[in-house]
Every structure is written in C-alpha cells, then in structure tokens.
Amino acid sequence: MIVIDGPAELGGEISIQGAKNSTLPLLAAAVICKGQTVLHNCPKISDVKTAVQILEHLGCRCCWEDSDLIVDNAMTCCEIPQDLMGEMRSSIVFLGAIVSRCGQADLCFPGGCELGPRPIDLHISSLKKLGIEIEESGGCLHCRAPNGIEGNYISLSFPSVGATENVMLAAVCSKGTTIIANAAREPEIGDLAAYLNRCGGRIYGAGEGCIIIDGVKELYGCEHRVIPDRIVAVTYMASAAVTGGNITLKDIDNAHILPMLSPFEESGCEVRQLGGALNIMAPRRLNAVKHIRTMPYPGFPTDAQPVIMSMAAVGRGTSVFVENIFENRYKHAGELQRMGAKIKVEGKVAVVEGVEALSGAPVTAYDLRGGAALVVAGLAASGKTTVSDAGFIARGYEDIAGDLASLGARIRELP
Ligand code: EPZ
C-alpha cells in the first residue's frame, strides 16, 4: 500500500531508471547469445525479478552488480512452468529465444496486467511462418523446429511490440532472411536490435516499419546499456504537472519523450529539453489536455494514457481520451472518480471534465500504469490517499514512493 498526503508541490531533480519494456526482451535475447551478457542500467523491478527466475529455471546463471545484471547462458532446459509464465505478459518473448537456442520450447499462455484479452495470435502465426511447429493444448504451447528456423516474409496485421520482438529473437540465428512488414517501431525494438547486432546479429531497419533480419550462425554475449524508461519519465512529468511543480529529469532520451509532449504543452506546462535532461515547469492550475488518442509508436503511447488522465482530472475544461490499443484500459477511471474526478467512459472513449481539486480517498490499483495514475492523482488531492495493491506499481517502478518523496512529496510505502 502507498499512502500520500496531498497536495504536494514537487521540486528538484531525479534520475530515470532503465526501461522495463527493453530489459525484458533483452533478458530473453541473452538466452541466444553464447557466453556472458552484461546489461547496464537494469531496473530493479518485480518483472525483471520474474524474468531472472525464468532464466535461472532455464539453467542460466544471473547475478546483480549494482544496476548491472550479468547473465551466463548455460541452458539446461527449454520449458517454462505455468507459475512463472503466468506472472507477466512479456514471458511470451522467451518463446522465440528458446526455440532459437534449443530447437524446441514448452510454455503456457502468458499472464500480465488485465488490459483486456491479451491474445498471442500474431506471435503464433508469425513464428509458424518461420517453420516453427506450434501445437496448443491445455493452455500450453508445444513448439518444435524439426528442420531449424527458416527466414520468411512476415506481415503483421497490427504492429505488435511483443510479436515483433518474438520474430526478431526467432529469426536472428535462422537460415535465410526474414522481413517483418508493419513491424512495431517503439524505442525498445531499436534497443533490442542494437544489442543483438552488437552480439553479431544482422538486423536492419529497427524503428522503421520494415525490419530485415539476415540470419547468422551464432551470437556471442556482450555488454549493453538499457535505454531509459520513457513511461517512468512521463509519470514524473505528470506528477510535476498536477502539483504546480518544477522538476528536472536526468538520464533520459529526449527523442522518446517527443510523442508525449502535446498534453503537457496543451495544459500550460513549460517543457525544456537539453541533452539527456528535461525540465518541466507547471502552472498553478492546468488547462485541459484536450484530445488524447493512443496509437502505436511514434503516436501517443497507451502506457502514458492513465497518468495523463490524472492531469486531465484537475485541468480547466474538458478532455477526450480515445484508447485504441487495449480494450480495457480505463480501470483507473473508476478509482479517480472516488477521488472526485468527473469521468465518463463509453467503450474506447473517456470524457474527463476537470475539477478544481480532487480529494484524498482509499483507492485500488488494478494494473501497473493505472496504479501509477492513482499515485499522481494523490499528489494533487487534498487529504490522504491510500493506494492498495501497489504491488502492480512495483512491476514497473523501482521506487515510486522514494523518487517522489525526494522531490518533496509526502508519500510512503507500507509493507
Ligand atoms: C507491450 O505489450 C508492452 N509490454 C506494453 O506495456 C505496451 O502497452 C504495449 O507493448 C503497447 O505499446 C512490454 O513490452 C512487456 P502489443 P505487448 O503486442 O507486446 C493486440 C506496460 O505497462 N495483440 O503491441 O503485449 C493486443 O491485444 C505494458 O509496461 C493481438 O491482438 O503489446 C493489444 O490490443 C502494458 N495479438 C495490441 O495488439 C497478438 O498476438 C498491442 O499489443 C499480440 C497483440
């Protein structure tokens, strides 16, 4: 549980952790690369802990040195038990890596935050096109590549991040060439390609809509620095925005923040970007963020929608959100309403009428980013807010309470 006494006014500077959604596929990729991989700037979050448990179950040895995670890929098995698969969504990207390394894999359907059905049909249809035989039975996948993995042309009907990563991991050491049309373009895709290429891979066009992968014989582990977490960055920007604050973020990649700047500018914040730092100064009272529609990168990211909704909740005027990526990503709206927010959800649309002030209340986190949005709202609310099930937040934030407290918030995490 996280307890917040609001309202706060944030000031100071904070360093941003490594990206969760980059670290997870990178750890899966370490399974393919012979020898040792060292990932610098790895966030100490529970999803990474789960990924380490999966790696150790597979036989890989992992150890931490400060924020460096060292993986030695001596694999001894090629199946992931249900309890580990059920922990998080991204466990599915181990599929491509394990088949690439062992020629087979047995794992069950992944778990993860409930944002609506989380199908993996694009993962399965794409991997089958690479010659991997996948049999589904009892919620588990039995995968075999009897003749090895063969490069092919793959066109994704949706630029799925996970499906793009799975194909990259399956194809990087395949025979022949793979082309992924309508590939995801998120920065985490580019980070995975950079690491694989440094290990000896031949992946071209990552970050564009079309990725070409020339299969190579083998990869050798190397050192790699994980990119900063753009969603943690936007969470702290929203925290400054709702509290009339003035904070500076350090160790970020400003290019990754650009698709998320418009609501801050619309609502009257002043954002200055220079090198690896960003400063945001907020007005006493925000204007509305007006119109947010979530899209695949480089559109506005769905992961930022919840924390921007907390800004809209206290903005002057009405804001309209359209959630185009996930079918059920407004669970935080009901909890914000318990704090006095005026929000009307109709399917993929949410209409938010800003109010003067929110009131602290007992609320519950139902997923990672929705939980973060409740913390942001608690900073602006008058009185005490308690966020239960804060374990969801720990999946993606190393220490959200400690970070915000260092910026002046009256916030603490109870065991
Ligand atoms: C990744 O999830 C991220 N997770 C998500 O972040 C992020 O919200 C999402 O990409 C979109 O950017 C990780 O990287 C670990 P998708 P992923 O495949 O790969 C549908 C967070 O909070 N789809 O791009 O699961 C799917 O249902 C998390 O950090 C299919 O229909 O996202 C969704 O509607 C939440 N079939 C849409 O595509 C498939 O086979 C986007 O999914 C795969 C996906």
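Scope of the values below: all heavy atoms of this structure, side chains included, with no hydrogens, waters or symmetry mates.
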For Cys108 and Cys140, is the interatomic SG distance under 2.5 angstrom?
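Cysteines Cys108 and Cys140 qualify as a disulfide pair, their SG atoms being under 2.5 Å apart.
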Could you go step by step and tell me if Ile325 and Phe158 meet the side-chain contact (heavy atoms from CB on, under 4.5 Å) rule?
CA-CA 10 Å; Ile325 307 295; Phe158 181 88; 3.8 Å; yes
Please examine the side chains of [Y] and [X], heavy atoms only from C-beta on, and report whether any two atoms are closer than 4.5 Å.
X: Leu196; Y: Leu169; answer: yes
X: Ile92; Y: Leu141; answer: yes
X: Val352; Y: Val320; answer: no
X: Asp229; Y: Pro43; answer: no
X: Arg285; Y: Glu356; answer: yes
X: Cys210; Y: Ile179; answer: yes
X: Ile132; Y: Ile149; answer: yes
X: Val52; Y: Ile54; answer: no

Identify which one of [options] satisfies the side chain to side chain contact (heavy atoms under 4.5 Å, CB included) criterion when paired with [X].
X: Glu79; options: Ile98, Leu58, Asp106; answer: Asp106
X: Asn246; options: Leu407, Asn279, Ile280; answer: Asn279
X: Val387; options: Ile400, Ile411, Val3, Ile393; answer: Ile393

Just say parallel, tilted or perpendicular for the rings of Tyr297 and His256, cut-offs at 30° and 60°.
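Rings of Tyr297 and His256: perpendicular, as their planes differ by over 60°.
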What heavy-atom pair brings [X] and [Y] nearest, and what distance separates the two atoms?
X: Ser137; Y: His142; answer: OG-NE2, 3.2 Å
X: Thr235; Y: Ala372; answer: CG2-CB, 4.2 Å
X: Pro263; Y: Phe300; answer: CG-CE1, 3.8 Å
X: Ala19; Y: Pro228; answer: CB-O, 3.6 Å
X: Cys102; Y: Met75; answer: SG-CE, 3.3 Å
X: Thr248; Y: Ala277; answer: CG2-CB, 4.5 Å

Is it true that a side-chain atom of [X] and a backbone atom of [Y] form a donor plus acceptor pair closer than 3.5 Å?
X: Asp66; Y: Asp68; answer: no
X: Ser90; Y: Leu24; answer: no
X: Arg101; Y: Val31; answer: yes
X: Arg225; Y: Cys42; answer: no
X: Arg202; Y: Asn197; answer: no
X: Glu398; Y: Lys44; answer: yes
X: Tyr330; Y: Lys348; answer: yes
X: Gln17; Y: Gly396; answer: yes
X: Asn182; Y: Gly209; answer: no
X: Asn166; Y: Gly96; answer: yes

Can you check salt bridge (charged side-chain N to carboxylate O under 4.0 Å, His left out) on Arg329 and Asp303, steps first, answer last?
CA-CA 9 Å; Arg329 196 173 202 167; Asp303 290 352; 2.7 Å; yes
Is it true that [Y] and [X] share a donor-acceptor pair across their side chains at a distance under 3.5 Å?
X: Tyr397; Y: Arg369; value: yes
X: Asn73; Y: Lys34; value: no
X: Thr294; Y: Gln305; value: no
X: Glu266; Y: His291; value: no
X: Asp403; Y: Tyr236; value: yes

Using 0.5 Å steps for rounding, measure from the [atom1] atom of [X] to the [atom2] atom of [Y].
X: Cys63; Y: Glu56; atom1: SG; atom2: CD; value: 9.5 Å
X: Ile45; Y: Thr23; atom1: CD1; atom2: OG1; value: 6.0 Å
X: Asp251; Y: Ile14; atom1: CG; atom2: CD1; value: 10.5 Å
X: Leu278; Y: Ile252; atom1: CG; atom2: CD1; value: 4.5 Å
X: Phe94; Y: Glu165; atom1: CZ; atom2: CD; value: 11.5 Å
X: Lys250; Y: Glu13; atom1: NZ; atom2: CD; value: 4.0 Å

Could you please spell out the steps behind the salt bridge (charged side-chain N to carboxylate O under 4.0 Å, His left out) verdict for Arg230 and Glu188?
CA-CA 10 Å; Arg230 57 199 168 98; Glu188 294 76 28; 2.9 Å; yes
Which is it for Asn254 and Leu258 under the side-chain contact (heavy atoms from CB on, under 4.5 Å) test, yes or no, and what are the steps along the way?
CA-CA 7 Å; Asn254 270 306; Leu258 295 176; 6.0 Å; no
Show the numbers, then the answer: is there a side chain to side chain donor-acceptor pair (under 3.5 Å) between Thr37 and His224?
CA-CA 8 Å; Thr37 283; His224 181 77; over 6 Å; no
Could Arg293 and Glu323 be called an ion pair, given the rule that one side-chain N must be under 4.0 Å from one carboxylate O?
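Salt bridge absent between Arg293 and Glu323.
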Ionic contact status for Arg395 with Glu87, cut-off 4.0 Å
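No.
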So Lys384 and Asp5, salt bridge (charged side-chain N to carboxylate O under 4.0 Å, His left out) or not? Walk me through it.
CA-CA 5 Å; Lys384 180 173 158 183; Asp5 291 314; over 6 Å; no
Check step by step if side-chain contact (heavy atoms from CB on, under 4.5 Å) holds for Ser239 and Leu404.
CA-CA 8 Å; Ser239 302; Leu404 292 169; 3.7 Å; yes
Checking Glu353 against Lys344 for the salt bridge (charged side-chain N to carboxylate O under 4.0 Å, His left out) test, could you report, in this order, the C-alpha distance in whole Å, the side-chain angles of both residues, the deciding distance, and whether it holds?
CA-CA 9 Å; Glu353 272 179 74; Lys344 188 94 187 71; over 6 Å; no
